[in-house]
J.: 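Could you have a look at this structure, given as structure tokens, before my questions?
Proteins get letters first, then strands, A, B, ... in listed order; numbering begins at 1 in each. We use all heavy atoms of the structure for the numbers below, so side chains are in, but hydrogens, waters and symmetry mates are not.
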Amino acid sequence: MKTKSELFVESRKENWAALREILVKISRKGIRKLPIEDVTQFPDLYRSCCQDLAEARMLGLSPDVIEYLNGITGQAHSFLYFVKPLSRKGILSFFKYHLPGCLVNNVRYVLIALLLFWGSAVISFVAITHNPELVHRFVSQAVLEQMEGMYHDSVATGRTAAEQAHMSTYYIQHNTSIAFLCFSTGVFLGLGSIYFLLFNGIFLGCIFAYLVNQGLGMNLIEFVTAHSFLELNAIAIAGAAGIMLGVSILKSWKAYSFECIKSSRDNILLLVGASAILLFCAAMIEGNISPSAIDYRIKLGIAVLTAALSMLYFIALPLIRRRQK
Amino acid sequence: MKSETLTLETPEKIVFTYNIAQLGTRAAAYVIDCLIQAGIFIVLFFLVGLNLFAVNKDDFDDNTLYYMAVVYILMFLFQWGYFLFFEALMNGQTPGKKACHIRVIDIKGDHLDFQSLVIRNLLRAADSIPFPFFNILGGLVAILQKESRRLGDLVSGTIVVEDNGFNLKEPDFETCLSMRPNQMFARPSAKERLSEKDLYILRRFLNDKNSMTEEAYERTAAAIASKLKERYRLENVENLSDLTIIEEMYKAHTDEN
């Protein structure tokens, strides 16, 4: 008479071999070249082998058989649970519904970050206009001289198209990297993001006050008017995402559960995405329009226009949608 | 060196194990990926020409400036997008990871989604503190835990596992069946039986094992199993867990027939 285990192995052996054959085919030719009959069989075979693995453990079969079953199911798992691809519809609804709501839905974090950034900027600006000597405590002489050199003459001298392309791409690379760093250091319970927000805010206030004290304020304003609204707020938004990341890590630490991070993950990424998009627009303006010789009133107009458009998209649109619900 | 394993419970509620990738393998994969990126850059620099290193910026002609614009964009895309692009496209692998036979998976065994990969790769900036491109902090964090996950893995809920760690060789079912644990623990003669007192210890352990702390469980199981192995000179049991030995022993000694 045959034992239960022998009967089990005999009846399932062929299923296991079939799954193994599919796995060998995939590893040789890739999952896209799998014949259609195998594609339809694959998930069913995987599921039945999963059951067999559990049953083999219960029956106490030999470790070799269990390892073999573990091998084929594990390998099949890595092929079946592939990385979900992005759909075109998903990208569209990202821009249409998800992205515009990110600032309003996480308004607490955004306000904290804006307050930290602009607050430190304003305080350091006021402090240094009243006491110009203080600037040397925060910024080194070399940096101050470099800034003075940059804005000594009016920067609005016009550039060639090649120079504009060169500078725009430089700003994209440089500023977005700063924003990403500002976000990702939020992993240290938000402290890294807070540090970068304060650091950038104080640096901004110091340089502004210093140049105003030197009588070069108008040159600086002429250069930064068009792009600064987008650029500076985008850095603050990246910081907000970092603070949110830190808070969600703290929460999940307290709850001993990873779910807290997972549930706020989409909102965090939307904020980072908003920051990156704003920085891209700011870099385009900073490279092409800010240094050009066009009338200052046009630059001011562009600043007002971009501010109005971004506020319409990020604040008015989600608020109107919320009211309609 | 034996690698740590990750026990995974899939959405089908089935448990199986992956071998967790070792840090050295991960470092090798990272170096390969960096070399690939560096290679593309070197080619680009040769295209641009050596006047990139000219000191005076005013010497640049328009073509050089356009090339530099392209280089900046590529630098940005490589720095933040290389790993994300390939991990999304190649099912959790980059060219370097593929060469080293490792793969990123979701720690719960679910589909890896795009968001996890974005967070995982944005946090490279935090992992590479204090020097860019050298994952010093991430490496330290990974060394400190069993599952060797860096900060990006911890936050995004991912883990890097060995991809060829599975044994796909079909075993010889005949010999496997004849070597079933049940038969290795033959019913002993009356003289060799465990005493009632010993059986009581085994029974207490089997009953209480679920309410013990992990440490106490492992220590007790190892102690009991090693005593049993010694006393009955059990052979060919290296592959069996301590728990299986104790269970089978208990069964063999209490069987009424």
J.: So which part of B/Leu137 gets closer than 4.5 Å to some heavy atom of chain A, the side chain, the backbone, both or neither?
T.: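 Just its side chain gets close to chain A.
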
J.: Look at atom OH of A/Tyr195 and say whether more than 12 heavy atoms of other residues, nucleotides or ligands are closer to it than 6.0 Å.
T.: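 Atom OH in A/Tyr195 is not packed in, count stays at 12 or less.
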
J.: Of the backbone (N, CA, C, O) and the side chain (C-beta and beyond), which part of B/Arg103 lies under 4.5 Å from a heavy atom of chain A, both, or neither?
T.: side chain

J.: Can you tell which part of A/Ile66 gets under 4.5 Å to a heavy atom of chain B, answering side chain, backbone, both or neither?
T.: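 Neither part.
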
J.: Going through the checks in order, is the side-chain hydrogen bond (donor to acceptor under 3.5 Å, both in side chains) test met by A/Asn70 and B/Thr17?
T.: CA-CA 7 Å; A/Asn70 188 67; B/Thr17 53; 3.1 Å; yes

J.: Which residue out of A/Gln173, A/Arg47, A/His77 racks up the most heavy-atom pairs below 4.5 Å with chain B?
T.: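 With the most close heavy-atom pairs to chain B, the winner is A/His77.
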
J.: Under 4.5 Å heavy-atom distance to chain A, tell me which part of B/Asp110 shows up: side chain, backbone, both or neither.
T.: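 Contact with chain A is through both the backbone and side chain of B/Asp110.
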
J.: Can you tell me which portion of B/Leu117 sits under 4.5 Å from chain A's heavy atoms? Options are side chain, backbone, both or neither.
T.: side chain

J.: Quick one: which of B/Leu123, B/Leu122, B/Ile73 has the most heavy-atom pairs under 4.5 Å with chain A, could you say?
T.: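 Max contact count across the listed options: B/Leu122.
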
J.: Take atom CZ of B/Phe85 as the centre, draw a 6.0 Å sphere, and report whether it contains more than 12 heavy atoms from other residues, nucleotides or ligands.
T.: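 At most 12 heavy atoms, drawn from other residues, nucleotides or ligands, come within 6.0 Å of this atom.
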
J.: Is there a side-chain hydrogen bond (donor to acceptor under 3.5 Å, both in side chains) between B/Trp80 and A/Thr176? Walk through the geometry before answering.
T.: CA-CA 10 Å; B/Trp80 300 102; A/Thr176 316; over 6 Å; no

J.: Report yes if the distance between the aromatic ring centroids of A/His98 and A/Phe94 is under 6.0 Å, otherwise no.
T.: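 Centroid separation for A/His98 and A/Phe94: 6.0 Å or greater.
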
J.: For B/Tyr82 and B/Phe86: C-alpha separation, side-chain torsions, deciding distance, then whether ring-ring contact (aromatic ring centres under 6.0 Å, His included) applies.
T.: CA-CA 6 Å; B/Tyr82 173 89; B/Phe86 281 113; 5.0 Å; yes

J.: Name, in order of residue number, those residues of residues 261-270 of chain A that have a heavy atom at a distance of less than 4.5 Å from a heavy atom in chain B; otherwise write 'none'.
T.: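 If one takes a 4.5 Å heavy-atom cut-off, the residues of residues 261-270 of chain A near chain B are A/Ile261, A/Lys262, A/Arg265, A/Asp266, A/Leu269.
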
J.: Is it the backbone or the side chain of B/Glu247 that comes under 4.5 Å from a heavy atom of chain A, or both, or neither?
T.: neither

J.: Need one label for B/Leu89: side chain, backbone, both or neither, based on atoms under 4.5 Å from any heavy atom in chain A.
T.: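 When you check distances to chain A, no heavy atom of B/Leu89 falls under 4.5 Å.
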
J.: With chain B as the partner, which of A/Ser27, A/Ala17, A/Ala161 has the greatest number of non-hydrogen pairs under 4.5 Å?
T.: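 Going by pairs under 4.5 Å, I would pick A/Ala161.
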
J.: Around atom CZ of A/Phe280, are there more than 12 heavy atoms from other residues, nucleotides or ligands closer than 6.0 Å?
T.: no

J.: Around A/Lys251, counting heavy atoms of other residues, nucleotides and ligands shown, do more than 12 lie under 6.0 Å from its NZ?
T.: no

J.: Show, in sequence, the C-alpha distance, side-chain angles and deciding distance for A/Asn15 and A/Arg12, and conclude whether the side-chain hydrogen bond (donor to acceptor under 3.5 Å, both in side chains) test is met.
T.: CA-CA 5 Å; A/Asn15 262 358; A/Arg12 305 296 163 85; over 6 Å; no

J.: Show the numbers, then the answer: is there a side-chain hydrogen bond (donor to acceptor under 3.5 Å, both in side chains) between B/Thr158 and B/Asp153?
T.: CA-CA 5 Å; B/Thr158 55; B/Asp153 287 321; 2.8 Å; yes

J.: Which atoms of A/Val24 come close to chain B, meaning under 4.5 Å heavy atom to heavy atom: side chain ones, backbone ones, both, or neither?
T.: neither

J.: Holding to ring-ring contact (aromatic ring centres under 6.0 Å, His included), I want the full list of residues that pass it with A/Phe82, two or more places apart in sequence or in another chain.
T.: B/His111

J.: With under 30° as parallel and over 60° as perpendicular, where do the rings of A/Tyr170 and A/His174 fit, or are they tilted in between?
T.: parallel

J.: Under a 4.5 Å heavy-atom cut-off, does chain A meet the side chain of B/Ser116, its backbone, both or neither?
T.: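 It is both, since atoms from each part get that close.
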
